Every structure is written in C-alpha cells, then in structure tokens.
Amino acid sequence: MITGYTGTAVRDAEQPLLEAGRGPELMAKAAYGLANAVAWRLRESGGTYGSSIVLLIGPGNNGGDALYAATLLLNRGVRATAVLVADRAHQEALTSFRLAGGRILKLDGRHEECLAVALSADLVIDGILGIGARGGLRGELAGFVERLAEHAPAVIACDLPSGLDADSGAVSGPLLAALETVTFGAIKTGLLLPPGEEFCGELSQIDLGLELGDAELRRLDEHDIVDHWPWPHRVDHKYSRGVLGVVAGSNAYPGAAHLALRGALSAGTGMIRYLGPADPPPEVVRGASTVAANRVQAWLVGPGVVEDEAQQRRCLDALRSGLPVVADAGALSLLPRELGPNIVLTPHAGELATLLSGLGDRTERTDVERQPLRHAKRAVELTGATVLLKGATTIVVGPDGQVYSQSEGTPWLATAGSGDTLAGIIGTLLASGVEPALAAAMAASVHGRAGVLASQGGPIAASDIATAVPRVLGELSCLA
Ligand SMILES: NC(=O)C1=CN([C@@H]2O[C@H](COP(=O)(O)OP(=O)(O)OC[C@H]3O[C@@H](n4cnc5c(N)ncnc54)[C@H](OP(=O)(O)O)[C@@H]3O)[C@@H](O)[C@H]2O)[C@@H](O)CC1
Ligand SMILES: Nc1ncnc2c1ncn2[C@@H]1O[C@H](COP(=O)(O)OP(=O)(O)O)[C@@H](O)[C@H]1O
Ligand SMILES: [K+]
C-alpha cells in the first residue's frame with residue numbers, strides 16, 4: 001500500500017527532530033537521496049562524469065536540499081549551475097555548493113541566459129518550492145518557468161514539483177513536469193491526486209525516519225487486493241457468496257444494464273437478481289418486480305435508468321432499503337436526502353458538480369477537476385454516503401474520512417459503458433460483505449487493471465473490460 005500525508009503532517013512529524021537540532025541531518029539525508037536519484041538518471045543517459053545539471057533554487061529549504069545534492073554530485077564529476085530564482089537562498093547550502101565548484105547565476109532579469117543554460121543541461125533539478133509553498137509560482141518566476149516548460153526539459157523535482165499544492169494536488173500557474181519526483185519523509189497527498197499527479201513522473205521516497213500518524217490517503221496495491229478480495233472458500237455456495245440485486249436499464253437504454261450485469265458477473269458474484277426491461281444474460285435470474293420482494297445482500301441501481309418511472313421507483317426503494325447500494329448514473333439524480341455510509345455514489349466530475357449544485361453548493365465540472373478530493377469530501381459531508389469520483393485517477397472517500405486514490409487504468413477506459421462495468425464490480429463486492437469504501441477502491445483498481453490488460457495499448461469497448469476482469473483476478477489470486 002502506498003500512503004500519502006499532508007504537508008502539515010510531515011511538518012508536524014519533523015518538528016520534534018528539528019527541536020532536537022537534527023534539521024541538518026534530515027536535510028543531508030534528503031540531499032543524499034536526491035543526489036543518488038539524479039546520478040541514476042545521469043548514468044542512464046550516458047554517465048555522471050562530465051554530465052551537466054542545472055538547479056532552479058528557491059528561497060527555502062527546498063532549494064537547500066537541491067544545493068546540497070548538487071554539492072555531492074559536483075564531487076562525483078558532474079558540472080552544476082544553480083539558477084537562483086528568488087532574492088534569497090539557503091546560505092550554508094549555497095556556500096558548500098560554491099566551494100565544491102558550482103556555478104551560480106541569478107534569474108533576476110536574465111531570462112534568456114538562464115533559459116539557454118537550463119536547456120543545455122542533461123537534467124534540470126526543480127528546487128524552487130517544497131511544502132512551504134503558498135499558491136502557485138508568481139510574477140517573473142512564473143513567466144520563466146512557463147517558457148522553460150514549453151521546451152519540456154528533463155526534470156527531477158525535489159520533494160514536489162514547484163507550484164503544486166502538497167495537500168490537494170491543485171495546480172495554479174505554470175509547473176515543470178518531472179520525469180521523477182524525489183519526495184522526503186513521506187509521499188505528500190498532492191502527489192497522488194489529480195491534477196498535480198500528472199506532473200510528478202515516477203515517485204521515489206527518501207526515508208527520514210519520521211514518526212507519522214494515520215495516513216491521509218491510501219493507494220491499494222496488488223497485495224492489498226489479494227488480502228481483501230472475497231475469494232470463495234471451499235465450502236461456499238452461491239447464497240453464502242452474496243446475492244446482488246440490480247436495477248438497471250430502461251426501454252431507451254437497455255445496453256447499460258448488460259454492461260453492469262457483465263461487470264458484476266465478471267467479479268465473481270454468487271447470484272444476481274435483475275429488475276428491469278432488458279433481456280438479462282442466461283446467468284442472471286429475473287427478480288420479483290418490486291425491490292422489497294427480492295432477497296439480496298446489496299443493490300446496484302442506476303445504469304441506463306432514464307425516464308422510466310417504474311425503474312426510478314425501484315432505485316429509490318433500494319436506496320431506502322437499508323442494504324448496501326451502489327448508486328450510479330441515473331440513480332444519482334434520484335437520491336433521497338438522507339443516505340448512509342453503505343451507499344456508494346459513483347459520479348464522474350460532471351455528475352459530482354450536478355450533485356453538489358443540487359445540494360446547494362453551486363459547483364462547475366471544472367471546479368471538481370481542479371480540486372477533486374475537496375469536492376468528493378464535500379459530497380460525503382453533505383450526503384453521509386461513500387463517494388467514488390471517477391477519472392484517470394479515481395478517488396474514494398468514506399464517511400469516516402478514509403481516502404483512496406487508484407490510478408491503474410489507461411485512457412482507453414474512457415469509453416461509453418466503462419462506468420457501468422465498474423458499478424457492477426462494486427456491486428459484487430458489496431454483496432459479498434466488503435466494507436463500502438474498500439469495495440469501491442478495490443473495484444476501481446481491478447477495473448483499471450482489466451482495462452490495461454484488455455487494451456494492450458489499443459482501443460477497447462466496455463464489454464472487453466468485463467471479459468478481462470476474471471483474468472486479472474486469476475493473476476492476483478496467484479499472489480495469495
Ligand atoms: N523541515 C525539514 O526538516 C526538512 C525539510 N526539507 C525540505 O524543506 C522543504 C520545505 O522548506 P521550507 O519550509 O523552507 O519551504 P520551501 O517550500 O522551500 O520555501 C518556502 C519559501 O518560499 C516562499 N514562497 C512560498 N510560496 C511561494 C510562491 N508561491 N512563490 C514564490 N515564493 C513562495 C516563501 O517565502 P515568502 O513568500 O514567505 O517570502 C517561503 O519562505 C521541503 O519541501 C523539503 O524539500 C528537507 O530538507 C528535509 C528536512
Ligand atoms: N483518462 C482515463 N484514464 C483512465 N481511466 C479513465 C479515464 N477516463 C475515464 N476513465 C474511467 O472510465 C470509466 C468511465 O466511467 P463513466 O464516465 O461513468 O462512463 P459511462 O457512463 O459511459 O459508463 C471510469 O471508471 C473512469 O475512472
Ligand atoms: K520543488
């Protein structure tokens with residue numbers, strides 16, 4: 001499992017060590033880790049000796065880390081130029097950099113020269129701002145970084161890409177996209193959240209021995225899925241594995257029901273009872289026409305439910321049944337005021353904006369895209385439900401504050417019906433008794449992996465995702 005911590009949590013954890021006078025030791029560890037990562041990259045592109053790096057140095061400790069790292073690299077034969085982008089820089093680090101033979105330039109009014117130097121280097125180290133940043137890059141510096149970014153230089157970010165909000169992943173103003181981000185003490189939540197995560201490249205973490213509390217955010221890996229997936233036991237039967245009720249499809253949209261049902265079947269449900277006008281596949285049992293008359297452990301409601309009163313009534317009945325429910329697509333506009341934590345809402349950014357606006361928080365889709373975690377948390381606050389916000393990175397927020405961020409997918413998953421398949425997988429997990437936020441996060445992970453497996457780099461249709469899910473689970477089960 002990958003865990004993410006806020007900048008504040010990292011600062012709090014560092015505080016006792018700083019008070020004990022161990023600040024320089026922490027910075028030395030950070031610099032050593034960064035220097036190794038840079039040396040590794042330089043070796044990949046031809047060797048460290050005689051290669052050149054340019055450091056963009058801001059006013060704080062982030063610049064200090066980069067300068068100390070460069071000092072170590074100067075001693076290994078790397079040529080290094082520091083471009084000071086602020087009116088001050090970490091003095092001790094600057095002195096040791098200078099003494100080791102580093103060249104120093106000031107950005108102040110010399111953009112052309114600094115740009116040319118940066119573009120001639122093998123690597124650029126972004127040591128402008130770290131967790132002390134407030135907002136994006138400003139003024140002259142923003143203009144310089146914007147111009148540099150247009151040339152897409154090879155960048156390693158020190159702690160985080162400068163201008164990215166360490167907590168939310170929000171991006172305001174220009175940012176240098178990194179090949180790699182070498183982060184210190186703990187992975188900051190903003191490095192695991194859109195939109196900032198797209199700028200981080202590969203993530204590596206340098207351990208500083210900090211005593212951290214509970215993580216703010218989790219990203220499940222394959223071992224977590226193996227540990228928590230409801231693998232069937234030898235003596236299980238279809239009822240003990242969980243029965244899922246599905247209210248999906250309408251006369252106008254029968255296809256969504258098929259994809260949701262295929263998603264649920266692909267994840268290994270014990271049994272499905274289907275309510276709606278579509279012709280279900282042979283593995284699916286037709287349920288009684290009312291929700292109350294069906295014995296199930298969980299409901300999946302909403303895919304393809306449009307302008308169909310009978311289906312809408314069933315969705316509402318399921319949402320009020322007290323059972324775990326995954327509410328997708330059409331069901332998101334039918335929600336009763338009071339929802340419990342065992343209701344999983346699965347909006348994409350546009351649907352979340354509509355949902356929040358309907359609850360009195362006027363929100364545009366672009367607001368959600370700029371700060372997805374914040375808006376997903378707000379929806380949890382307003383509804384009491386568990387929220388899964390779909391996207392290239394899918395965010396899950398549970399009512400107890402647990403946050404998951406899963407990013408296994410491929411852009412080929414952005415195809416009509418893909419979300420119906422995901423809802424089906426969540427439904428199966430809920431029916432098996434998996435706790436809602438964990439069920440949503442595991443489903444997002446498996447859905448993403450299935451997309452990658454089905455795609456092999458090429459296009460896929462939504463039904464291909466369901467076809468690939470059993471193979472993904474088969475491969476994962478081998479890790480158990
Ligand atoms: N603490 C530790 O033990 C360890 C910390 N470590 C390292 O320290 C980093 C944090 O260092 P830090 O606190 O000095 O903050 P950092 O981000 O370098 O600079 C903040 C300065 O920038 C300025 N500024 C702010 N926003 C701005 C903006 N938008 N645009 C322009 N300027 C802006 C602001 O100045 P002001 O505007 O207030 O004058 C402020 O003074 C951390 O990320 C990690 O790399 C490691 O060495 C391990 C041990
Ligand atoms: N760029 C992307 N990269 C990875 N996954 C994506 C991307 N865009 C969308 N997805 C995933 O594809 C699915 C799309 O769901 P949704 O928008 O509800 O589609 P539909 O309503 O047509 O079924 C979601 O699971 C989402 O996370
Ligand atoms: K940085």
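Since we're looking at a predicted model, the values are computed, not measured.
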Under 4.5 Å between any side-chain heavy atoms of [X] and [Y], yes or no?
X: V155; Y: L179; value: no
X: P399; Y: T386; value: yes
X: L148; Y: V145; value: no
X: L160; Y: I131; value: yes
X: V434; Y: M442; value: yes
X: I460; Y: I465; value: yes
X: I187; Y: T3; value: no
X: M1; Y: L220; value: yes

Closest approach of [X] and [Y], non-hydrogen atoms and distance?
X: A444; Y: L388; result: CB-CD1, 4.4 Å
X: C158; Y: D65; result: SG-CB, 3.6 Å
X: A440; Y: V344; result: CB-CG1, 4.1 Å
X: C315; Y: G302; result: SG-N, 3.9 Å

Just distance, no hydrogens or angles: give the donor-acceptor pairs under 3.5 Å from side chains in residues 273-280, sequence neighbours left out.
from : atom 1 : to   : atom 2 : distance (Å)
R273 : NE     : R295 : O      : 3.1
Y274 : OH     : A248 : O      : 2.6
Y274 : OH     : A278 : N      : 3.2

Do the side chain of [X] and the main chain of [Y] share a donor and acceptor less than 3.5 angstrom apart?
X: D221; Y: H223; answer: yes
X: N36; Y: V38; answer: no
X: N294; Y: G287; answer: no
X: H348; Y: G350; answer: yes
X: T383; Y: A379; answer: yes
X: T410; Y: W412; answer: yes
X: T363; Y: A353; answer: no
X: T269; Y: A264; answer: no
X: H258; Y: P254; answer: no
X: E198; Y: C200; answer: no

(message) Determine whether Y404 and L438 satisfy the following criterion, side-chain contact (heavy atoms from CB on, under 4.5 Å), listing intermediate values before the conclusion.
(response) CA-CA 8 Å; Y404 296 94; L438 181 62; 3.9 Å; yes
(message) Can you classify the ring geometry of W229 versus W231 as parallel (below 30°), tilted (30 to 60°) or perpendicular (above 60°)?
(response)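 Tilted: the ring planes of W229 and W231 meet at 30° to 60°.
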Filter on salt bridge (Lys or Arg N to Asp or Glu O under 4.0 Å), then keep only pairs touching [range], sequence neighbours left out; what's left?
range: residues 3-17; value: none
range: residues 299-317; value: none
range: residues 178-192; value: R41-E180, D159-K188
range: residues 371-392; value: E216-K377, D328-K390, D361-R378, R378-E381

Sequence neighbours left out, cut at 3.5 Å: what donor-acceptor pairs do the side chains of residues 467-480 make with other protein atoms?
from : atom 1 : to   : atom 2 : distance (Å)
T467 : OG1    : R262 : NH2    : 3.0
T467 : OG1    : S463 : O      : 3.0
S477 : OG     : G474 : O      : 2.7

(request) For a side chain to side chain contact (heavy atoms under 4.5 Å, CB included) with H447, tell me which candidate from T394, I426, L413 qualifies. (result)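 Of T394, I426, L413, side chain to side chain contact (heavy atoms under 4.5 Å, CB included) with H447 is met by L413 alone.
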(message) The criterion is side chain to side chain donor-acceptor pair (under 3.5 Å); which residues satisfy it with T421, sequence neighbours excluded?
(response)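 T421: no side chain to side chain donor-acceptor pair (under 3.5 Å) contacts found.
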(request) Apply side chain to side chain donor-acceptor pair (under 3.5 Å) to R218 and list each qualifying residue two or more places apart in sequence or on a separate chain. (result)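 Counting only residues at least two positions away or on another chain, R218 forms no side chain to side chain donor-acceptor pair (under 3.5 Å).
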(message) Does atom CD (Q456) have a neighbourhood of more than 12 heavy atoms from anything else shown, all under 6.0 Å?
(response)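 Above 12, so yes.
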(message) Could you go through V296 and L244, starting from their C-alpha distance and side-chain angles, then the distance that decides it, and tell me whether this counts as side-chain contact (heavy atoms from CB on, under 4.5 Å)?
(response) CA-CA 6 Å; V296 299; L244 175 67; over 6 Å; no
With a 3.5 Å cut-off and sequence neighbours excluded, list the donor-acceptor pairs that the side chains of residues 335-342 form with protein atoms.
from : atom 1 : to   : atom 2 : distance (Å)
N342 : ND2    : G322 : O      : 3.1

(request) Would you mind listing every ring pair (Phe, Tyr, Trp, His ring centres under 6.0 Å) that reaches into residues 144-174, with sequence neighbours excluded? (result)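 Every ring pair (Phe, Tyr, Trp, His ring centres under 6.0 Å) pair that includes a residue of residues 144-174, provided the two are not neighbours, is H111-F144.
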(message) Run the side-chain contact (heavy atoms from CB on, under 4.5 Å) test on I206 and T183 for me, step by step, so that the C-alpha distance in whole Å, both residues' side-chain angles and the decisive distance to 0.1 Å come before the verdict.
(response) CA-CA 6 Å; I206 307 302; T183 194; over 6 Å; no
Could you measure the distance from the [atom1] atom of [X] to the [atom2] atom of [Y]? Nearest 0.5 Å is fine.
X: M271; Y: S240; atom1: CE; atom2: OG; value: 12.5 Å
X: S357; Y: E364; atom1: OG; atom2: CD; value: 7.0 Å
X: L141; Y: S162; atom1: CG; atom2: OG; value: 8.0 Å

(request) State which residues pass side-chain contact (heavy atoms from CB on, under 4.5 Å) with R219; sequence neighbours excluded, sorted by chain then number. (result)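 Counting only residues at least two positions away or on another chain, R219 forms a side-chain contact (heavy atoms from CB on, under 4.5 Å) with I2, L192, E197, T393, S405, Q406, S407.
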(message) For S333, give me all partners under side-chain contact (heavy atoms from CB on, under 4.5 Å), at least two apart in sequence or on another chain.
(response)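 side-chain contact (heavy atoms from CB on, under 4.5 Å) list for S333, sorted by chain: empty.
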(request) Step by step, work out the side-chain contact (heavy atoms from CB on, under 4.5 Å) result for V396 and V387. (result) CA-CA 6 Å; V396 177; V387 171; over 6 Å; no
(request) Say whether D167 and T6, considering side chains only, have a donor N or O and an acceptor N or O under 3.5 Å apart. (result)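 Result is no, nothing qualifies.
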